[in-house]
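Single-structure report; data block below.
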There are 2 protein chains.
Amino acid sequence: MITELNSKQVEKISKALGDPYRLQIMDMISKRKDFMQCCEVSECFNLAQSTMSHHLKQLVEAELLVAEKEGRNLRFTINREICEAYSRYIARLGF
Amino acid sequence: MITELNSKQVEKISKALGDPYRLQIMDMISKRKDFMQCCEVSECFNLAQSTMSHHLKQLVEAELLVAEKEGRNLRFTINREICEAYSRYIARLGF
DNA sequence: TTTAAATATCTAAATATTTCGATGTTTTGA
DNA sequence: TCAAAACATCGAAATATTTAGATATTTAAA
């Protein structure tokens, strides 16, 4: 089934991507074959743990990332479905 | 020639699209065959003229829109090149 | 040339976002 | 059980964005 985003979702996704740290996080995780651990992501940035948590939450809430608990760890994967849907929405703007 | 966006550009474009008014503006203009006049865009929103000017400026600065002066009017067109480049960047995240 | 229309810019207030430190929760391992 | 690791949440300060009103600029039309 093909996901169609409404404008509220597109706004939220855009906002999530409109920050240099969050964009870098997406880039990093997208380069992985599978997932990336939360603490591993955090190590790449010189930000407080609570700040990283906040950024990651926004990406998850925008559904760009999927978070899975694995014991006391958290694994993030790219939500391909949403990325593709967002990409299609944008492509249609420039039709 | 295929435009490749750097991450600063992607950030700026994302930020520009992360607002409900600006997203609506993009949607409206993208539905046109050709261009849309600035004052025509403004009429669709219940915002002060200076506020509209500000929003449109951000879309132009993100290069999502191209502005052309036509006498004392302003014509906006979608920058297809940039929309496609941004769309491709996003698509690659979800690879 | 004077006036009015279309747009831009400046300033300031209101609001939202970012960031951190402190603290809370959950889970693992000693 | 107890301590530590991984993560979340809360509160507050710093910063950025949104918005409008006032004013400036440019151009067309009377």
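We name chains A, B, ... by the order of the sequence lines, and we start the count at 1 in each one. Note that this is a predicted model, so its numbers are computed, not measured.
- Across all strands, B:K69 comes closer than 4.0 Å to no nucleic acid atom at all (heavy-atom distances).
- As a whole-Å value, the separation of B:R75 CZ from C:dA6 C1' is 14 Å.
- Two residues are said to be in side-chain contact when any heavy atoms from C-beta on lie closer than 4.5 Å; A:Q37 and A:L74 fail this criterion.
- With a heavy-atom cut-off of 4.0 Å to chain B, the contacted part of DNA chain D has its first and last nucleotide at D:dT17 to D:dA29.
- The main-chain N or O of B:K15 is found under 3.5 Å from a side-chain atom of B:R22 such that the two form a donor-acceptor pair.
- At the heavy-atom level, B:L47 lies under 4.0 Å from the strands shown only through sugar-phosphate atoms.
- Within a 6.0 Å radius of CG in A:N46, no more than 12 heavy atoms belonging to other residues, nucleotides or ligands are found.
- Minimum atom distance to the side chain of A:T51 is reached by C:dT19, of the listed C:dA8, C:dA22, C:dT19.
- Within residues 29-45 of chain A, no residue places a heavy atom under 4.0 Å from DNA chain C.
- Put simply, the side chain of B:R88 gets close to the backbone of B:T3: a donor and an acceptor are under 3.5 Å apart.
- Across all strands, B:H54 comes closer than 4.0 Å to base atoms (heavy-atom distances).
- Taking atom CG of B:L56 as the reference point, atom P of C:dT9 lies 13 Å away to the nearest angstrom.
- Between A:R72 and A:Q58, the residue whose closest nucleotide on DNA chain C is further toward the 5' end is A:Q58.
- Side chain of A:S87 to backbone of B:S87: a donor-acceptor contact under 3.5 angstrom is found.
- If you take CG of A:L23 and C1' of C:dT17, they are 17 Å apart, rounded to a whole angstrom.
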Working for salt bridge (charged side-chain N to carboxylate O under 4.0 Å, His left out), residues A:R92 and B:E84: CA-CA 9 Å; A:R92 271 200 294 273; B:E84 281 161 27; over 6 Å; no
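- Counting to the nearest Å, the P atom of C:dT7 and the CD atom of B:E70 are 11 Å from each other.
- A donor-acceptor pair is defined here as one N or O able to donate and one able to accept, closer than 3.5 Å; such a pair exists between the side chain of B:N79 and the backbone of B:E63.
- Distance, A:K57 NZ to C:dT19 P: 16 Å, rounded to whole Å.
- Under a 3.5 Å cut-off, the side chain of B:R80 and the backbone N or O of A:G94 do form a donor-acceptor pair.
- In this structure, A:Q58 contributes its side chain and A:H55 its backbone to no donor-acceptor pair below 3.5 Å.
- Residue B:Q49 has its side chain nearest to C:dA8 when only C:dA8, C:dG29, C:dT18 are considered.
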